[in-house]
Amino acid sequence: MTGHRILLVEDNERNLKLVRDVLQYAGYDILEARTGEQGVELAQRSSPHLVLMDLQLPGIDGEQAFRLIRDDSRTSGIPVVALTASAMKDDRARVLQAGFDGYLEKPINVRALPAQVLAFLSREEPNR
Ligand code: MN
């Protein structure tokens with residue numbers, strides 16, 4: 001147990017399971033959402049310490065869900081990290097421009113993931 005809750009918003013079952021299993025094994029509490037709408041609602045309800053947000057989702061996409069999280073005072077301080085497809089080079093610049101706190105490229109490097117997540121959790125909260 002690290003005592004940290006991480007909200008994972010991902011519609012691809014294999015990716016969801018992979019990331020969830022790795023992070024649970026590392027001691028994190030994982031909350032799951034499969035759509036952007038669910039992710040926003042769960043972020044409001046359960047105040048996770050970090051959100052990992054897939055970009056391509058059914059319904060509203062990851063960027064729209066991110067904006068809703070940022071624009072709500074209940075969730076505006078939660079760091080949100082995008083899950084981007086490594087082939088989509090434009091995605092990286094776009095998510096940083098949009099204000100995401102960072103990105104992780106898919107396919108996820110399972111060995112590196114726990115330390116990457118810890119690094120995002122350990123950052124000083126920037127002024128927003
Ligand atoms: Mn997706």
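All ligand and atom numbering here is 1-based and tracks the order in the structure.
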Shortest-distance N/O/S atom, Asp11 versus the Mn ion (ligand 1):
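For Asp11, the N/O/S atom sitting closest to the Mn ion (ligand 1) is OD1.
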
Looking only at N, O or S atoms, which one in Asp54 sits nearest to the Mn ion (ligand 1)?
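Restricting Asp54 to its N, O and S atoms, the minimum distance to the Mn ion (ligand 1) goes to OD2.
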
Here the pair of heavy atoms bringing Pro48 nearest to Leu31 is CB-CD1, 4.3 Å

Specify whether an N/O/S atom of Gln56 falls short of 2.8 Å from the Mn ion (ligand 1).
yes

Would you indicate whether the side-chain heavy atoms of Val51 and Phe100 approach each other to under 4.5 Å?
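Result no, sub-4.5 Å side-chain heavy-atom pair not found.
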
Under 3.5 Å side-chain donor-acceptor pair for Asp72 and Gln44
yes

Could you go step by step and tell me if Asp21 and Lys17 meet the salt bridge (Lys or Arg N to Asp or Glu O under 4.0 Å) rule?
CA-CA 6 Å; Asp21 289 355; Lys17 181 175 169 13; 2.7 Å; yes

